[in-house]
2 protein chains.
Amino acid sequence: MPPSTETLTAERILEATEEVLRRHGPAKATVVDVARALGVSHGSVYRHFRTKAALREAVTKRWLDRTTGMLAGVAEADRDPEARLREWLAALFEAKRRKAGDDPELFATYTVLTGENEAVVEHLTELTDQLTRVVQDGIDAGTFTVTAPATTARALFQATALFHDPGYAGEWEKPGAEEEFTALLDLLVRGLKA
Amino acid sequence: MPPSTETLTAERILEATEEVLRRHGPAKATVVDVARALGVSHGSVYRHFRTKAALREAVTKRWLDRTTGMLAGVAEADRDPEARLREWLAALFEAKRRKAGDDPELFATYTVLTGENEAVVEHLTELTDQLTRVVQDGIDAGTFTVTAPATTARALFQATALFHDPGYAGEWEKPGAEEEFTALLDLLVRGLKA
DNA sequence: CAGCTGACAGATATTGAAATCTGTCAGCTG
DNA sequence: CAGCTGACAGATTTCAATATCTGTCAGCTG
């Protein structure tokens, strides 16, 4: 609507794309819609993003990076490793649950987007790397008695998939979910400390 | 094709339905197809199953019960609880992986069917009940030091979702899958024995 | 008369023609 | 001339007409 006199930047296109996705959903959001929202021709959008897929990937990466950044803070906090591990996994669960609960349609939109992207692979790698660092610290501190931090971190991440994989979003608001998460976390921490 | 002279039974209808599902897939398999395969009118099928959904549910239940029965044998074997637990989870993973690998289309068909049914809830309950018995035996034998067998069994089942939930079937044939499964199982068993 | 048939109404799926979208590019504009 | 436009070809989506399916039931058949 606002034809705007500002220069057309990748950043402005990404913002407009998010808005169009929010309004129309992943199936109906078109590059033409994005151009219209910016008051430019769709050819201009293709000057900044080679394909529609590249544009969607960039928006997805942006969204995933917000979570990654938030969790990095929790992972690096200067506390004892067990508390940090518990806090990190709880923060991941809580962040996902909040997003899914607050705006289910937008969450569904991003679930579709992450499903069609390769960007999500890097994201998962980054998250398990953060977890690996926490596990390593726990080993160094003598709290955890496991030997392979990277393998263990992957196992922890996979074991808690039910509480962060978007495919299970429907389970997150059920009554016993919090208790089940705690029970699982307790079992895993027992395993780490042996 | 064979109009058959035998009586029309629920069992024969279920077999024909499985065959039609195998041939046409879940989206295109119709009650008319099933009737045609049996050489009867579709009205006759409705004499045995009130709705198409009921028919599909019966076929699904049948399929799920095969796995449940197989695992019951593993769960009841007279061995030490830790070995039984490992064997049970490995058998579950192996059974799913084999089904998905041998006939991906049929597996996809049943994945759709289980997704639309309530029958799957009972199935999951039955499986966690089997696991609970193994955990209980482990506690009784003094091998496992956890306290709540049912809660722990649910945690174990959820933690291994990546290796039995059809949604992750694509991961099962990847190179490191077996090692990741073992790593996770080791961590969980450590937790049980504390 | 128990069990099956086939016609029927309303719901759902298929189809193909028309509309829209993606990605390109020659040329316009400031 | 750097950046934008708008027309275009081919791919994809939409939409409405048509066909098929689901579930019922009155009546046929052995």
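Hydrogens, waters and symmetry mates are skipped; everything else that's a heavy atom, side chains included, is used. Just so it is clear: chains get the letters A, B, ... in the order the sequence lines come, proteins before strands, and each one is counted from 1. Keep in mind the model is a prediction, meaning the values are calculated, not measured.
Counting any heavy atom pair closer than 4.0 Å across all strands shown, T30(A) reaches sugar-phosphate atoms only and no base atom. Base engagement by S41(B) is indicated by at least one non-hydrogen atom pair under 4.0 Å involving a base atom. Residue V32(A) is in base contact, counting any heavy-atom pair closer than 4.0 Å across all strands shown.
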Under the rule of Watson-Crick or G-U wobble with both distances under 3.5 Å, where | means paired to another strand and [ ] a crossing pair, DNA chain D maps to ||||||||||||||||||||||||||||||

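Nucleotides of DNA chain C lying under 4.0 Å from heavy atoms of chain A occupy a range whose first and last members, 5' to 3', are dC21(C) to dT24(C).
Under the 4.0 Å criterion applied to side-chain N and carboxylate O atoms, K61(A) and D65(A) are assigned as salt-bridge partners. Checked for salt-bridge contact, R86(A) and D186(A) meet the test: a charged N lies under 4.0 Å from a carboxylate O. Between R84(B) and E76(B) there is no salt bridge, since no side-chain nitrogen of the basic residue lies less than 4.0 Å from a carboxylate oxygen of the acidic one. Remark: R23(A) does not engage E105(A) in a salt bridge, criterion side-chain N to carboxylate O under 4.0 Å.
Here the side chain of D33(B) pairs a donor or acceptor atom with the backbone of T30(B) at under 3.5 angstrom.
Geometric assessment of R50(B) against the ring of Y46(B) yields a negative cation-pi assignment under the 6.0 Å and 45° thresholds.
You'll find the side chain of L85(A) reaches within 4.5 Å of the side chain of L156(A), heavy atoms only. Side-chain contact between L113(B) and W63(B): absent, with no pair of heavy atoms (C-beta onward) separated by less than 4.5 Å.
Across the protein-nucleic acid pair, D33(B) atom CG and dC21(D) atom C1' stand 10 Å apart, rounded to whole Å. Rounded to whole Å, the distance from NZ on K52(A) to P on dA11(D) is 16 Å.
Nearer to the 5' terminus of DNA chain D, by closest-nucleotide assignment, is the contact made by G43(A) (compared with the other of G43(A) and R47(B)).
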